[in-house]
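A short worksheet on the structure shown next.
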Amino acid sequence: MSDERLEQLLATYRTLPASRRRAIARKANPAMRTRLAAVERDMTMRRSPGSMAALLTAGREMQAAHLDIIDDAFRRIAAGESIRLLVTMPPRHGKSRRAARWAPLWYLRQRPDHRVMIASYSAELAEDHGRWIRDAIATWADDLGVRLYPGSKAANRFDLADERGQRLEGGLIAAGVGGGLTGKGAHLAVVDDPIKDAADAQSPTMRKKLWEWWQAVLLTRIEPGGSVIVIQTRWDEDDLAGRLLVGDTAEDWIIIDLPAIADSENDALGRKIGEPLWPARYGRKALATIRRAVGERVWWSLYQQKPRPMEGGVWKRDWIDAARINAVQFSGLDMARIVVAVDPAGGESAVGDETGIVACARSFDGRLYVLEDDSANMGANDWGLSACRLALALKADAIVVESNYGGDMARQVVTQAWEQLRREGVTRGLLMPLVIEVTAKVGKRLRAEPIAQLYEQGIVHHVGSGFEQLETQMVTWVPGMDSPDRMDAAVHALTELADPDQLATGRTGIADERLAGRR
C-alpha cells in the first residue's frame, strides 16, 4: 500500500465512530495496529486539554464537568472563534491548573503559530504557570510535536520550534497584574486569579490599579481576532469580574457562573439547586464544613461567587415585611421629627458606589418610619440639591451627613445647595434644616446591629414598597463587607431619631459619639 493511500485510509479512520474504529483495530495486522494506536493517541491529544492531560499523566489528572467548560472554551478558540469569556468559580476546584497550565499547553500544540499570554495577580505566580508549561513542553516534546526554541526558554517568555528545530511564530508570555507586557501581542490572553487576597480586593486603590492595567496594558496587547479568558474567584462587587459585568462591553462577554453549591434553576451545568460543583472532591458535607470555617462573607463571595449574598445578613426580610405600612396608614399619624440622611459616595468603585439619601421620621410614641430613598450615583452638588429638595418636601428638621470622606465639605455642600435653592425661590423663605455631621467612629457592625434590632422588635416601619434596593442591601449585608450607601444613610437617619435608651438595650448596644451632647 502506498504512503499516500495509507494516509487517506488513516484520515478516514479518524472520522469513524469509536465502535467502528475498535472493530477495524481488532482485524488489523500488527504493523497497522501500531499505526492505528498512534492515530488514537493523537486523536486523544487533540480532543481537549482534559483528554490530553489524562493521557500524558496516565489518568492521574482529574476531569470534571466544570473543567469541561474550560476545555470547550479553548477548543472554540483553537478552531478560530474569537470570544470573550468570564468564568467565576470557587478556589481549589482545579481552575488554575486547567485554565493556566494544561489548556494553554494544549492550545499551543494545536496552534503553534499563536502566542499565549498568561497573567495572574503576581509575576511570580504567572511565571510559575509559564515555567510549568515550558517544562511540560520539554518533557513531552515528542507527544506534543513542538519544542522550545534554543535561546528562548525563560519561564516568563519563550518561543516554539518545530520538530526540525525551526523557529515558529508561537510562544508564551507570562506577567503579573500591573506588570509590563511589552513586545509581541497575543492571540489568546488568559487572566487567572487577578486578585491576590481580601486586602487587595477591599482596597479601592488596588482595584483601580487592576482596572487601569486591564484597559491600558492587557487589552492593548490582543491581536486582531484574538480571545480573552478571565477566570477568577469573586472577592468583591467591584473586582475585575464585577466591572466587566456592568461595563459598556458586558454584552460581548460569555458569562459562566459556577458556585460551589448550585443556587439557580439556570445553572451552567444543569445542576439542581443544592448540588455541589465537584461532588467527587467536595460533597455537601465537605462544603458545609468549609462554610462554617470561613464564615458567611467569605463563603458567599469566594465559594458562591456572590460578593453580596442573596439573604442571611444582619437584617431579616420578614422583620421589614411584618412592620410595613401603606401611605394611607401613615397619613393618619403625627410625626415628632423628620430627618434626611446622606452617605456620600466615598470610594473609587465602579460598582454600586452611590450616594445614599434616605428620609426617616419618628412619631410621638417613639416608632420610626422610613419615608423615602432618593439614593443615586451623583456628584457633590447634585446630592446636596437632592437632599435639600427632599428635606423641603418632607419639612425635615435636620439633614444628617456622613462626613468621614469630606470633613467640613459635607456641611458646605448642603449650605451651598440650600442657598442655590433659596436664590431660585424654591425654599419659600423656610429656614435651612439643622446640618448634623456624623463621623462613624465604631465598626459598621456596631452601628448597624442596634438599628437591625429595632427592626426585629417591630419599631421600624417602611412606608410603602418602594425600597427594593435599600431592603436588598440590608438583608444581604454581612459584617465584614463594605456597607452600601443606602443602608448606611438609613442607619444614620434612624440612629439620629431613635431614643438612646432603645439603642442601648440591644445585644451589643452602641457607644457612638454621634449621640453625645445632643439629647
Under 3.5 Å: donor-acceptor pair, side chain of R97, backbone of E61
no
Regarding D159 and R147, does a basic nitrogen lie under 4.0 Å from an acidic carboxylate oxygen?
no
Can a donor-acceptor pair be found, under 3.5 Å and without considering hydrogens, that links the side chain of R157 to the backbone of I173?
no
Quick one: does any side-chain atom of S122 pair with a main-chain N or O of G176 as donor and acceptor, under 3.5 Å?
no
Spell out, as yes or no, whether a donor-acceptor pair under 3.5 Å connects the side chain of R47 to the backbone of M52.
no
Cut-off 3.5 Å, side chains only: do Q63 and D68 have a donor facing an acceptor?
yes
Side chains of K95 and V87: does their closest heavy-atom pair fall under 4.5 Å?
no
So, Q469 versus D373: side-chain donor-acceptor pair below 3.5 Å or not?
no
Whether D321 and R317 form a salt bridge (side-chain N of Lys/Arg under 4.0 Å from carboxylate O of Asp/Glu) is what I want to check.
no
Basic-acidic side-chain contact under 4.0 Å: R243, D238
yes
Is any side-chain heavy atom of V475 closer than 4.5 Å to a side-chain heavy atom of W319?
no
Those residues at least two apart in sequence (or on a different chain) that pass salt bridge (Lys or Arg N to Asp or Glu O under 4.0 Å) with D143 are R41
Cationic N near anionic O, under 4.0 Å, E223 to R115:
no
Find out whether M45 and L144 are in side-chain contact, i.e. whether some heavy atom of one side chain is under 4.5 Å from a heavy atom of the other.
yes
Salt bridge or not between D267 and K272? Use side-chain N to carboxylate O under 4.0 Å.
no
Donor-acceptor contact below 3.5 Å, side chain E81 vs main chain A78:
no
Got a salt bridge between R324 and E471, using NZ or NE/NH1/NH2 to carboxylate O under 4.0 Å?
yes
Quick one about H114 and Y107 (side-chain donor to acceptor, distance below 3.5 Å, no hydrogens or angles considered), yes or no?
yes
CD/Q473 to CH2/W315 distance, rounded to the nearest 0.5 angstrom?
10.5 Å
Do E169 and H187 touch side chain to side chain, with heavy atoms closer than 4.5 Å?
no
Under 3.5 Å: donor-acceptor pair, side chain of T233, backbone of M89
yes
Basic-acidic side-chain contact under 4.0 Å: D318, K316
no
Electrostatic pair D257:K306 at N-O distance under 4.0 angstrom
yes
Under 4.0 Å between a Lys/Arg side-chain N and an Asp/Glu carboxylate O for R35 and E7?
yes
Are L36 and M32 packed together at the side-chain level, in the sense that at least one heavy-atom pair is separated by less than 4.5 angstrom?
yes
Are any side-chain N or O atoms of R134 and backbone N or O atoms of K153, one a donor and one an acceptor, separated by less than 3.5 Å?
yes
Output all residues satisfying ring-ring contact (aromatic ring centres under 6.0 Å, His included) with Y303, sequence neighbours left out; order by chain, then residue number.
W299
Closest heavy-atom pair, I137 versus V146, reported as atoms and distance to 0.1 Å, is CG2-O, 3.9 Å
